[in-house]
> 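Would you mind keeping the following structure in view while I ask a few things?
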Amino acid sequence: MAKSSGQLAGHVARKRFGQNFLVSTGIIQQIVDAIAPRAGETVVEIGPGLGALTEPLLACIDHLQVVEIDRDLIARLRQCWPAERLTVHEGDALAFDFSALKRTGPLKIVGNLPYNISSPLLFHLVESAPVVHDMHFMLQKEVVDRMVAEPGSSAFGRLSVMLQYHYHMECLFTVPPDAFEPPPKVMSAIVRLIPRDKRKVGADEATALQGGRAKNALFAVADGDTAQHAENDTAKDEALFARIVAAAFGQRRKMLRNTLRGFINEADLTALDISPTARAEELGVGEYVRLANALTNTLT
Ligand code: SAM
């Protein structure tokens, strides 16, 4: 099923489905090595397309589940692999309930994602974080940069905060346009996401913080402030946390005293040691959690 270089096996790539098919065998191998699928794991591929990743994944495991929207490609996939090896879920990954999947082992979600829906898909997948072991995705490099961005940088936004709250993330390597057919106009990158065990994060990072501030610690905390740090890892009301983050970044050029007016007044922001004149990107994930938890405490 997988194409040889430059070929699309008679299929015309559909722009509306973000179809840029992988043709570089070297890159395909690098991706499968990063995913490292093992017998017994439940692996789900989003957007299998012509099977560039599907085929090498099925060389490692007995059974794979895929979610594909393009009916022509679904028919091809069903012709190529029997149902005992490949379960094809026909439909939109944005509406697919990954947490309801039948699992026989740790759940891995992978895919060379359609770039036109990557942000909403990443937000949708957050709902599955509690049941996921790990995820590996090909995305536009600019999106990966935003996912792993640090507070204070222009790339740090709602996507960064929401994903960093739920996952440890790592950009593994970049992929040039000529690895695809047709080639996209942008650079791509492979990112690994591992859900945080939020109850454990405080302990992990408290250990890392011993003897000084941890390099790249995700949550901004004062040195030696590990007990408070642990408390600030988990939002007591995650829906409120998400609403606050959305409001702050909804108008990212405005000051927090304006964007968060519906949640908190200027004096209370100051009392929380958060500058009312700061802008959304200046706060770290932990500060958004602290803010949400302070408001949860007030409301309950
Ligand atoms: N995995 C193949 C590869 O690497 O060559 C194809 C990747 S292509 C970038 C994206 C794939 O996602 C296509 O097969 C496309 O039809 C599929 N797709 C696009 N939108 C989708 C959606 N909303 N739900 C499920 N699949 C979708």
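No experiment lies behind these values; they were computed from the predicted model shown. Only this structure's heavy atoms are used, side chains among them; waters, hydrogens and symmetry mates stay out. Whatever order the structure lists them in is the order used to number ligands and atoms, beginning at 1.
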> Mind checking whether Glu45 has a heavy atom under 4.0 Å from ligand 1?
yes

> Can you find a non-hydrogen atom of Leu50 under 4.0 Å from ligand 1?
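Leu50 does not count as a contact of ligand 1 under the 4.0 Å cut-off.
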
> Answer whether the closest heavy-atom distance between the side chains of Thr234 and Val289 falls below 4.5 Å.
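When only atoms from C-beta onward are counted, Val289 and Thr234 do not touch, as no gap falls below 4.5 Å.
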
> Counting from 1, what ligand 1 atoms have a heavy atom of Leu22 closer than 4.0 Å?
3 (C), 4 (O), 5 (O)

> Below 3.5 angstrom, do we get any N/O pair linking Gly18 and ligand 1?
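Min N/O separation from ligand 1 is not below 3.5 Å for Gly18.
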
> Give yes if a backbone or side-chain nitrogen or oxygen of Gly49 is under 3.5 Å from a nitrogen or oxygen of ligand 1, and no if not.
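Gly49 vs ligand 1: N/O contact under 3.5 Å present.
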
> How many angstroms lie between atom CG of Leu272 and atom CZ of Arg290, to the nearest 0.5 angstrom?
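These two atoms lie 6.0 Å from each other.
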
> Is there a nitrogen or oxygen of Gly47 sitting under 3.5 Å from a nitrogen or oxygen of ligand 1?
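There is such a contact, yes.
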
> Does any donor atom in the side chain of Glu45 or Thr54 lie under 3.5 Å from an acceptor atom in the other side chain?
yes

> Which one holds for Thr54 and ligand 1: side chain close, backbone close, both close, or neither close, with close meaning a heavy atom under 4.0 Å?
neither

> In terms of side-chain geometry, is the basic nitrogen of Glu281 or Arg253 positioned less than 4.0 Å from the acidic oxygen of its partner?
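A salt bridge is present here (some side-chain N lies under 4.0 Å from a carboxylate O).
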
> Just go through Leu77, Ile31, Ile69 and tell me whose heavy atom is the nearest to atom 21 (C) of ligand 1.
Ile69

> How does the hydrophobic cluster around Phe17 look, that is, which other residues are in it when side-chain heavy atoms under 4.5 Å mark a link?
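Grouped by the 4.5 Å side-chain rule, Ile69 form the rest of the cluster around Phe17.
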
> Is a side-chain donor-acceptor pair under 3.5 Å present for Gln19 with His11?
yes

> So, does Gly91 sit close enough to ligand 1 that a heavy atom of it is under 4.0 Å from the ligand?
yes

> Give the numbers and elements of all ligand 1 atoms closer than 4.0 Å to a heavy atom of Asp70.
16 (O)

> Which one holds for Ala93 and ligand 1: side chain close, backbone close, both close, or neither close, with close meaning a heavy atom under 4.0 Å?
both

> Test Arg76 against Asp72 for salt bridge (charged side-chain N to carboxylate O under 4.0 Å, His left out), laying out the working first.
CA-CA 6 Å; Arg76 283 169 175 251; Asp72 291 346; over 6 Å; no

> Find all atoms of ligand 1 within a distance of less than 4.0 Å from any non-hydrogen atom belonging to Ile117, and give their numbers and elements.
22 (C), 23 (N)

> Any nitrogen or oxygen of Asn20, side chain or backbone, less than 3.5 Å from one on ligand 1?
no

> For Asp70, is there an ion pair with Arg14 - N to carboxylate O distance below 4.0 angstrom?
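Yes, Arg14 and Asp70 are salt-bridged.
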
> Do Gln65 and His89 meet the criterion of a side-chain donor-acceptor pair at a distance under 3.5 Å?
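Looking only at side-chain atoms, His89 and Gln65 do form a donor-acceptor pair, the distance falling under 3.5 Å.
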
> For ligand 1, which atoms sit closer than 4.0 Å to a heavy atom of Phe21?
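It comes down to these atoms of ligand 1: 5 (O), 6 (C).
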
> Determine whether the side chain, the backbone, both or neither of Leu73 has a heavy atom under 4.0 Å from any heavy atom of ligand 1.
side chain

> Any heavy atom of Val67 sitting closer than 4.0 Å to ligand 1?
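The answer is yes: ligand 1 sits under 4.0 Å from a heavy atom of Val67.
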
> Taking everything shown except Asp62 itself, do over 12 heavy atoms lie less than 6.0 Å from its CG?
no

> Taking the six-membered ring for Trp and the single ring otherwise, decide whether the centroids of Tyr288 and Phe241 are under 6.0 Å apart.
no

> Counting each atom of ligand 1 from 1 as listed, which ones have a heavy atom of Pro48 under 4.0 Å away?
1 (N), 2 (C)

> Which one of His124, Glu68, Glu90, Arg14 has a non-hydrogen atom at the shortest distance from atom 17 (C) of ligand 1?
Glu68

